[in-house]
Amino acid sequence: MQIKQRHNWNLTTSEAKIIQEELRKEVITEDRFEEPVKYVAGVDMGFEADGTISRAAVAVLSFPDLQLQEQSIAKRPTTFPYIPGFLSFREIPAVLDALQKINITPDIILCDGQGLAHPRRLGIACHLGVILDIPTIGVAKSWLIGDYEEVPQEKGSWKPLIHKDETIGAVLRTRENVKPLYVSSGHRISLPTAIDYVLQCSPKYRLPETTRIADKLASNR
DNA sequence: GCGACAG
DNA sequence: ATCTTGTCGC
């Protein structure tokens with residue numbers, strides 16, 4: 001797929017923060033995409049050589065049957081450190097390289113990390129969504145910000161994630177008796193719809209099939 | 001100033 | 001994220 005360059009990635013954290021504050025204005029948290037959805041993609045990252053090399057993997061699956069249709073891997077030198085709140089500046093460059101090589105444009109991309117559930121409302125899912133102008137969902141394995149009540153153990157139950165009196169996401173149980181996932185809007189999708197797609201992509205395990213497959217690609221060398 | 005902190 | 005075997009619990 002074709003990707004437009006929105007900004008350069010050689011930045012200081014203060015410059016990155018300014019970009020986040022600009023791009024957050026472009027984030028759309030309503031459902032703006034065509035249905036039925038035919039393809040969903042998962043993105044995951046891995047690192048090599050003490051973290052000096054970034055490795056991004058993309059897996060495109062058919063929906064709703066979740067069969068692998070296309071995959072790609074891209075490597076490039078790591079140029080930005082891991083700083084909570086700035087994950088996208090570390091990971092997106094390699095992700096764009098991997099996406100550039102696929103032929104099927106996914107209808108929705110599930111990202112490894114937060115979307116709106118971010119201090120400045122621009123987690124990696126929002127950032128990637130705005131750059132591509134494609135619907136994205138933030139699916140994080142752990143907490144970054146926000147308060148929430150305990151989530152019932154049953155699969156499908158969830159509680160709103162609240163920050164500054166605003167619902168920024170949901171803490172969702174995708175599997176019984178297992179740690180919940182932190183789901184939030186990335187771009188062009190509402191929270192209820194995002195929860196629905198994450199559940200549909202997670203028929204058996206805690207993590208969505210999209211991220212599970214991308215995960216294997218990213219770790220399998 | 002202190003504590004928290006996606007991957 | 002990454003280093004790493006067996007083991008406890010549903």
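Computed from a predicted structure; not experimentally measured. Each chain gets a letter, A, B and so on, in the order its sequence line appears, and its residues count up from 1.
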(Q) Could you check whether A:D112 pairs with A:K141 (Lys NZ or Arg NE/NH1/NH2 to Asp/Glu carboxylate O, under 4.0 Å)? (A)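 Counted as a salt bridge, because a side-chain N and a carboxylate O are separated by less than 4.0 Å.
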
Q | Residues A:K159, A:E149: salt bridge by 4.0 Å N-O rule | A |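 Judged by the 4.0 Å cut-off on N to carboxylate O distance, A:K159 and A:E149 do form a salt bridge.
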
(Q) Applying a 4.0 Å non-hydrogen cut-off, can you work out what A:F80 is touching in the nucleic acid: base, sugar-phosphate, or nothing? (A) nothing

Q. Base, sugar-phosphate, or nothing for A:G85, non-hydrogen atoms under 4.0 angstrom?
A.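 Base, at least one base heavy atom under 4.0 Å.
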
Q: Answer yes or no: is there a donor N or O on one side and an acceptor on the other, between the side chain of A:K101 and the main chain of A:I73, under 3.5 Å?
A: yes

Whole angstroms only, please: what is the [atom1]-[atom2] distance between [X] and [N]?
X: A:H163; N: B:dC5; atom1: NE2; atom2: C1'; answer: 13 Å
X: A:D50; N: C:dT2; atom1: CG; atom2: C1'; answer: 9 Å
X: A:M45; N: B:dA6; atom1: CE; atom2: P; answer: 16 Å
X: A:Q114; N: C:dA1; atom1: CD; atom2: P; answer: 13 Å
X: A:I145; N: B:dG3; atom1: CD1; atom2: P; answer: 21 Å
X: A:R120; N: B:dA6; atom1: CZ; atom2: C1'; answer: 12 Å
X: A:F47; N: C:dA1; atom1: CZ; atom2: P; answer: 9 Å
X: A:E48; N: B:dG7; atom1: CD; atom2: P; answer: 20 Å

OP1 or OP2 of [N] sitting under 4.0 Å from any side-chain N/O of [X]?
X: A:Y82; N: B:dA6; value: yes
X: A:S142; N: B:dG7; value: yes
X: A:K141; N: B:dA6; value: no

Q) Is the A:F80 ring parallel, tilted or perpendicular to the A:F86 ring (thresholds 30°, 60°)? A)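 Ring orientation of A:F80 relative to A:F86: tilted.
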
Q. Can you say whether the rings of A:F33 and A:Y197 are parallel (under 30°), tilted (30 to 60°) or perpendicular (over 60°)?
A.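 A:F33 and A:Y197: perpendicular rings.
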
Q | A:N177 side chain, from C-beta outward: closest of B:dG7, B:dA6, C:dC10 | A | C:dC10

Q) Should we say atom CD of A:Q2 is surrounded by more than 12 heavy atoms from elsewhere, each under 6.0 Å from it? A)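 Not buried by this count: 12 neighbours or fewer within 6.0 Å.
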
(Q) Hydrogens and angles aside, do A:T52 and A:T78 bring a side-chain donor and acceptor to less than 3.5 Å of each other? (A)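 Side-chain D/A pair, A:T52 to A:T78: absent.
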
(Q) Once pairs are restricted to Watson-Crick or G-U wobble with both distances under 3.5 Å, how does DNA chain C read as a dot-bracket string, [ ] for crossings and | for other-strand pairs? (A) ..........

**Q.** Per-pair stack call A:W143 and B:dA6, 5.5 Å, 30°
**A.** no

